[in-house]
Amino acid sequence: MGSKSARKKASKGGHGRERAAEFGNLHSPADESGMPAKKPMKNKEYLRRLEPLQGELVAVQEWVRSSGAKVCIVFEGRDTAGKGGVIKAITERVSPRVFRVVALPAPTEREKSQMYVQRYLPHLPAGGEVVIFDRSWYNRAGVERVMGFCTDEEARHFLEMTPAVERAIVDSGIVLLKYWLEVSQEQQTVRLQRRIDDPRRIWKLSDLDLQSYSRWYDYSRARDEMFRYTDTGWAPWYVADNDDKKRGRLNVVSHLLSQIPYEPLEHRDITLPERRGPHGYRTPRQQLHWIPTPF
């Protein structure tokens with residue numbers, strides 16, 4: 001990782017904060033220079049590049065635990081945008097006692113009667129925690145609005161009040177990071193078809209996914225308005241192209257690390273101690289139930 005000052009500068013730079021009107025479809029197969037899209041990354045290269053980033057995430061974990069810092073990461077995006085894969089890349093080598101993933105089910109009748117963000121507030125991080133929301137309070141600005149689970153008035157009220165709520169979150173000392181994962185229409189079609197065809201993935205396909213598929217531009221309009229209201233100086237939206245999942249994961253993890261003022265993990269010289277002798281221990285004669293070994 002770069003120096004602490006470099007990370008601090010990056011956190012103030014507001015990368016990826018263009019307004020929604022300038023994004024258009026928010027996705028292009030070419031970058032701003034007009035160069036063609038990069039080829040899909042091979043798994044071997046992906047794992048090679050991911051390993052040091054995951055080592056830095058362990059450093060984040062130890063800094064959060066020792067300093068009592070509070071980090072909240074929100075992941076939003078279209079269906080099939082790859083939120084689960086990004087979250088797995090972040091969490092698979094760190095402690096679940098520090099990195100906690102929150103994916104709330106549909107609200108209960110009691111929760112429906114509460115202030116909308118109320119059910120999310122108890123899940124915000126305490127000192128020494130990193131909380132990752134796999135979808136968040138922004139459900140109201142996206143799927144609930146598009147699919148008619150709330151009224152336009154309720155959605156507009158949510159958008160108007162959210163910047164103040166997030167300002168209170170940030171002012172309480174929480175590092176709040178919001179990521180929108182973008183995927184193209186073509187790639188979304190490919191991924192949904194894979195879910196249909198692959199029995200290992202069919203569980204990921206819901207009736208709501210099928211209903212949402214035909215409403216691409218309704219979701220685009222809802223996303224654009226969400227950005228207009230809630231892309232603020234204290235809680236900006238960071239947008240990641242995730243058509244290539246491997247590149248997308250690396251880009252998100254790399255950016256995430258640049259936004260947290262953690263300290264590098266000091267290498268400790270550790271030598272394994274010698275094992276003590278058996279001191280009379282004998283292997284028991286009990287017949288154990290070993291499993292078959294076909295592999």
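Taking CD1 from Ile73 and CD from Gln259, the interatomic distance works out to 10.5 Å, rounded to the nearest 0.5 Å. One finds the CG atom of Asp269 at 5.0 Å from the NE2 atom of His267 (value rounded to the nearest 0.5 Å). Interatomic distance, NZ of Lys88 versus CZ of Arg93, reported as 10.0 Å (0.5 Å rounding). To the nearest 0.5 Å, the span separating CD1 on Ile90 from CG on Leu53 amounts to 10.5 Å. Considering CZ of Phe227 and CH2 of Trp180, their distance stands at 6.0 Å, rounded to 0.5 Å. We find the SG-CG distance between Cys72 and Leu124 to be 5.5 Å, quoted to the nearest 0.5 Å.
Taking 4.5 Å as the limit, every side-chain heavy atom of Arg191 sits out of range of all side-chain heavy atoms of Thr189. Two residues are said to be in side-chain contact when any heavy atoms from C-beta on lie closer than 4.5 Å; Asp134 and Ile132 fail this criterion. Counting heavy atoms from C-beta on, the side chains of Arg100 and His123 come closer than 4.5 Å. Taking the side chain as every heavy atom from C-beta outward, Tyr46 and Arg249 approach each other to under 4.5 Å. At a threshold of 4.5 Å between non-hydrogen side-chain atoms, the residues Leu181 and Val252 count as touching.
Applying the 6.0 Å contact sphere to CZ of Arg97 captures no more than 12 heavy atoms from other residues, nucleotides or ligands. Crowding of His289 atom NE2: a count of heavy atoms from other residues, nucleotides or ligands under 6.0 Å not exceeding 12. Annotation: Leu272, atom CG; neighbour count of heavy atoms from other residues, nucleotides and ligands within 6.0 Å does not exceed 12.
Side-chain contact check for Ser206 and Asp209: at least one donor-acceptor pair (N or O, by modelled atom type) lies under 3.5 Å. Under 3.5 Å, the side chains of Gln185 and Tyr217 contain a donor-acceptor pair of N or O atoms.
Judged by distance alone, the side chain of Asp231 and the main-chain N or O of Trp237 form a donor-acceptor pair under 3.5 Å. Side chain of Ser254 to main chain of Leu250: no donor-acceptor pair is present (N/O by atom type, distance under 3.5 Å, no hydrogens or angles). With hydrogens and angles ignored, the 3.5 Å screen pairs a side-chain donor or acceptor of Gln54 with a backbone N or O of Ala89. In terms of modelled atom types and a separation under 3.5 Å, the side chain of Glu45 and the main chain of Lys42 share no donor-acceptor contact. With hydrogens and angles disregarded, no donor-acceptor distance shorter than 3.5 Å links the side chain of Arg135 to the backbone of Val74.
The residues Asp218 and Arg221 are annotated as salt-bridged, a charged nitrogen and a carboxylate oxygen being separated by less than 4.0 angstrom. Classification of Glu182 and Arg78 as a salt-bridged pair holds, one side-chain N sitting under 4.0 Å from a carboxylate O.
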Checking Tyr262 against Val71 for the side-chain contact (heavy atoms from CB on, under 4.5 Å) test, could you report, in this order, the C-alpha distance in whole Å, the side-chain angles of both residues, the deciding distance, and whether it holds? CA-CA 11 Å; Tyr262 70 97; Val71 180; over 6 Å; no

Assess whether side-chain contact (heavy atoms from CB on, under 4.5 Å) is satisfied between Phe133 and Asn139, documenting all intermediate values. CA-CA 11 Å; Phe133 281 95; Asn139 274 343; over 6 Å; no

Would you sort out whether Met226 and Arg145 count as a side-chain contact (heavy atoms from CB on, under 4.5 Å), showing the intermediate values? CA-CA 11 Å; Met226 180 186 76; Arg145 185 176 197 179; over 6 Å; no

Could you walk me through whether Leu50 and Glu92 satisfy the side-chain contact (heavy atoms from CB on, under 4.5 Å) test, starting with their C-alpha distance in whole Å, then the side-chain angles of each, then the deciding distance to 0.1 Å, before giving a yes or no? CA-CA 11 Å; Leu50 180 62; Glu92 66 181 346; 3.9 Å; yes

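For the salt bridge (Lys or Arg N to Asp or Glu O under 4.0 Å) test, residues two or more places apart in sequence or in another chain that qualify with Lys112 are Glu109. Qualifying side-chain contact (heavy atoms from CB on, under 4.5 Å) partners for Asp207, counting only residues two or more places apart in sequence or in other chains: Gln211. Take Gln193 and apply the side chain to side chain donor-acceptor pair (under 3.5 Å) test, not counting sequence neighbours, and it matches Asp197. Considering only residues two or more places apart in sequence or on other chains, Ser136 meets the side chain to side chain donor-acceptor pair (under 3.5 Å) condition with Glu76. Among residues two or more places apart in sequence or in another chain, the side chain to side chain donor-acceptor pair (under 3.5 Å) test is passed with Asp244 by Arg247. Partners of Gln114 by side chain to side chain donor-acceptor pair (under 3.5 Å), not counting sequence neighbours: none found.
Membership of the apolar cluster around Trp290 extends to Leu288, as traced through chained side-chain contacts below 4.5 Å between ILVMFWY residues. Grouped by direct or indirect side-chain proximity (heavy atoms under 4.5 Å, Ile/Leu/Val/Met/Phe/Trp/Tyr only), Leu192 sits with Ile196, Ile202, Leu205, Leu210, Tyr213. Residue Met147 shares its hydrophobic cluster (ILVMFWY side chains chained together at separations under 4.5 Å) with Val143, Val146, Phe149, Leu208, Tyr219.
Between Gln187 and Ser184 the shortest heavy-atom distance is N-OG, 3.1 Å. In plain terms, the two heavy atoms of Leu177 and Ile260 that are nearest each other are CD1-CG1, 4.3 Å. Taking both residues in full, the closest heavy atoms of Pro236 and Trp234 are given as CD-C, 3.7 Å, listed atom of the first, atom of the second, then distance. Closest non-hydrogen pair, His279 versus Gly277, comes out as CD2-O, 2.9 Å. Contact record, Pro122 with Gln118: CD-O, 3.0 Å, taken as the closest heavy-atom pair. Closest non-hydrogen pair, Leu176 versus Ala235, comes out as CD2-CB, 3.9 Å.
Cluster membership for Leu47 and Val86, using ILVMFWY side-chain heavy atoms within less than 4.5 angstrom, is shared. Met115 is connected to Leu104 through a chain of hydrophobic side-chain contacts under 4.5 Å among Ile, Leu, Val, Met, Phe, Trp and Tyr, so both are in one cluster.
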Taking distance alone, no hydrogens or angles, what donor-acceptor pairs closer than 3.5 Å link side-chain atoms of residues 150-175 to residues at least two apart or in another chain?
| from | atom 1 | to | atom 2 | distance (Å) |
| --- | --- | --- | --- | --- |
| Thr151 | OG1 | Glu154 | N | 3.0 |
| Thr151 | OG1 | Glu154 | OE1 | 3.4 |
| Glu154 | OE1 | Thr151 | N | 2.9 |
| Arg156 | NE | Glu225 | OE2 | 3.1 |
| Arg156 | NH2 | Glu225 | OE2 | 2.9 |
| Thr162 | OG1 | Phe158 | O | 2.6 |
| Glu166 | OE1 | Tyr138 | OH | 3.2 |
| Glu166 | OE1 | Lys178 | NZ | 2.9 |
| Glu166 | OE2 | Trp137 | NE1 | 3.1 |
| Glu166 | OE2 | Tyr138 | OH | 2.5 |
| Arg167 | NE | Asp171 | OD1 | 3.4 |
| Ser172 | OG | Ile169 | O | 2.6 |

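For the ring-ring contact (aromatic ring centres under 6.0 Å, His included) condition, the pairs that include at least one residue of residues 73-115, sequence neighbours left out, are Phe75-Tyr179. Pairs engaging residues 58-67 under the side chain to side chain donor-acceptor pair (under 3.5 Å) rule: Glu62-Arg65 [sequence neighbours left out].
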